[in-house]
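Here the structure is a predicted model, which means the values were calculated and not measured.
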2 protein chains.
Amino acid sequence: MRLSTRGQYGLRAMCVLGIKYGEGNIPLRLIADQENISLQYLEQIFRQLRRAGLVESARGAKGGYHLARDPVDITVGDVVRTLEGPIAPVECLSGGEECSRQDECLTREAWYRLQQSMKEALDGITLGYLCRGKPADQRRDKEKKHESRR
Amino acid sequence: MRLSTRGQYGLRAMCVLGIKYGEGNIPLRLIADQENISLQYLEQIFRQLRRAGLVESARGAKGGYHLARDPVDITVGDVVRTLEGPIAPVECLSGGEECSRQDECLTREAWYRLQQSMKEALDGITLGYLCRGKPADQRRDKEKKHESRR
DNA sequence: CCAATCCTTACCTCATAGGTCGGAATTATA
DNA sequence: TATAATTCCGACCTATGAGGTAAGGATTGG
């Protein structure tokens, strides 16, 4: 019952974008260094996130990624489903085809309840919540720098 | 976020024992046939369940397995933890060693909440509940067969 | 004694996780 | 316009673990 590293890295990276939301494009190089994740692996992960519509990208110099919408409108469930597939503890609950033994299956109810709990937990937490407090601090620091420079 | 087949097969098999609770030893051969699981794979699974104290065994002819305690005192969580290891979506929540980056880690809270949800769900369902209603029916059928044969 | 059953160790095979590699396409800026 | 910084892409690699099999020993009821 473990997440893969894609899900873990993915959420960490999305938190970084959440903190820097509104600051334009963030290059993966930055996230890779900060979070100590291989750049090329991150690229793979972000390809998925982009196709899922959670982030938007800009190529070329000064390019990078930014969240496609406000952090409070992106849930952990969004990220996990994108990188780990459907939230389902057993195959027969992953949508798609139904199990033919549904009726006799005594264990189905247990897995179904587990699934509901997991969904509720993951869909009930947003990036905005995880990053709460952080953006302001960051931004203050940044403004200070700007001021002292000019 | 999937369970392995060990967990799934294990719970199904435990349900069979739950239904037949009080009927003495049940040989794995029976469960293997009924649930369409390889006998040798089931043996592996039951070795773990026995060591964890969830079932008791008797060797030799008329041997087999039975639940170590009443089905209502065995939770799905007991079975899953035995066969799948600690219920933890990420390594750093699986007990043992603490993560050194706990404080800065923004994602930890999300995984922690997920973990709690999963635990609550799994520990809140007992074998007795999953098997409710079944034992009586089974037993009636069995008695009928005996009567009609003799 | 023998058939049924659990018990144990060892082994096998394949899919997947968890990446790496090399290069092409795009863009800001000097 | 050259160059450096970036995203984008497909192919590839490797170790690990899932999901079993195999062969035989130990124990027990009839």
Side-chain angles (χ1 to χ4, degrees), chain A residues 1-13 16-17 20 23-68 80 82-85 89-91 94, chain B residues 1-13 16-17 20 23-52 54-68 80 83-85 89-91 94:
Chain A
M1 293 300 287
R2 291 270 179 81
L3 280 94
S4 72
T5 54
R6 299 178 82 85
Q8 298 179 53
Y9 292 171
L11 187 62
R12 275 162 61 193
V16 175
L17 291 193
K20 298 187 184 304
E23 298 184 19
N25 292 318
I26 313 296
L28 290 189
R29 176 83 266 159
L30 198 84
I31 303 179
D33 290 346
Q34 181 175 323
E35 297 290 324
N36 203 30
I37 302 171
S38 140
L39 173 61
Q40 298 182 308
Y41 196 29
L42 257 192
E43 286 179 343
Q44 261 189 49
I45 292 171
F46 270 80
R47 227 164 32 227
Q48 282 184 259
L49 292 170
R50 180 176 52 81
R51 291 195 190 120
L54 295 180
V55 298
E56 288 168 353
S57 63
R59 306 174 71 169
K62 299 280 175 181
Y65 290 89
H66 60 271
L67 296 183
V80 169
T82 298
L83 298 174
E84 306 269 338
V90 293
E91 165 115 35
S94 65
Chain B
M1 294 298 288
R2 290 270 178 81
L3 279 94
S4 72
T5 55
R6 300 177 83 86
Q8 298 179 53
Y9 292 172
L11 188 61
R12 273 162 62 193
V16 174
L17 290 193
K20 298 189 184 305
E23 297 183 19
N25 292 318
I26 312 297
L28 289 189
R29 178 82 266 159
L30 198 83
I31 304 179
D33 290 347
Q34 182 174 324
E35 296 291 324
N36 202 32
I37 302 171
S38 141
L39 174 61
Q40 299 183 306
Y41 197 27
L42 256 192
E43 285 180 344
Q44 265 188 47
I45 292 171
F46 269 80
R47 211 150 61 219
Q48 281 184 258
L49 292 171
R50 180 175 53 81
R51 291 196 189 119
L54 295 180
V55 299
E56 289 169 351
S57 64
R59 305 172 72 167
K62 298 280 174 183
Y65 289 90
H66 60 270
L67 296 183
V80 168
L83 298 174
E84 305 269 340
V90 293
E91 165 116 35
S94 66

Side-chain N or O of Ser57(A) versus OP1/OP2 of dT7(D): is the shortest distance under 4.0 Å?
no
Taking 4.0 Å as the cut-off, does a side-chain nitrogen or oxygen of Arg2(B) come that near to OP1 or OP2 on dG17(D)?
no
Which residues in residues 29-50 of chain A have a heavy atom closer than 4.0 Å to any atom of DNA chain D?
Glu43(A), Arg47(A), Arg50(A)
With side-chain contact (heavy atoms from CB on, under 4.5 Å) as the criterion, how do Gln48(A) and Arg6(A) come out once you've worked through the C-alpha distance, each side chain's angles and the decisive distance to 0.1 Å?
CA-CA 10 Å; Gln48(A) 282 184 259; Arg6(A) 299 178 82 85; 2.4 Å; yes
Sorted by chain and residue number, the side-chain contact (heavy atoms from CB on, under 4.5 Å) partners of Ala32(B) (sequence neighbours excluded) come out as Arg29(B), Leu39(B), Leu42(B)
Just the atom pairs and distances: protein N or O near nucleotides 28-30 of chain D's N or O, under 3.5 Å.
from, atom 1, to, atom 2, distance (Å)
dT28(D), O2, Ala61(B), N, 3.1

Write down the distance between CG (Leu83(B)) and P (dG20(D)), rounded to a whole number of angstrom.
14 Å
Smallest heavy-atom separation, Asn25(B) atom then His66(B) atom, equals OD1-ND1, 2.7 Å
Is there a side-chain contact (heavy atoms from CB on, under 4.5 Å) between Met1(B) and Leu3(A) once you walk through the steps?
CA-CA 6 Å; Met1(B) 294 298 288; Leu3(A) 280 94; 3.5 Å; yes
Can you list everything that forms a salt bridge (Lys or Arg N to Asp or Glu O under 4.0 Å) with Arg12(B)? Sequence neighbours excluded, please.
Glu35(B)
All side-chain hydrogen bond (donor to acceptor under 3.5 Å, both in side chains) counterparts of Ser38(A), not counting sequence neighbours:
none
Round to a whole Å and report the spacing from CE of Met1(A) to C1' of dG17(D).
17 Å
With rounding to the nearest 0.5 Å, note down the distance linking OG1 in Thr82(A) to CD1 in Ile45(A).
12.0 Å
Quick one: salt bridge (Lys or Arg N to Asp or Glu O under 4.0 Å) pairs with a partner in residues 43-66 of chain A, sequence neighbours left out?
none
In whole Å, I'd like the distance from the CD atom of Glu56(A) to the C1' atom of dT6(D).
17 Å
Give a yes/no on whether any side-chain N or O of Thr5(A) is located under 4.0 angstrom from OP1 or OP2 of dA17(C).
no
Leu3(B) CG to dG19(D) C1', in whole Å, measures 15 Å
Give the rounded distance in Å between these two atoms: CG of Leu28(A) and C1' of dA5(D).
12 Å
Rounded to whole Å, please give me the gap between CD in Gln8(B) and C1' in dA18(D).
12 Å
Nearest-Å distance for atom pair OH/P, residues Tyr9(A) and dA17(C):
14 Å
Between Tyr65(B) and Phe46(B), how do the two ring planes meet: parallel, tilted or perpendicular, split at 30° and 60°?
tilted
From CZ of Arg6(A) across to P of dG19(C) the rounded distance in Å is 10 Å
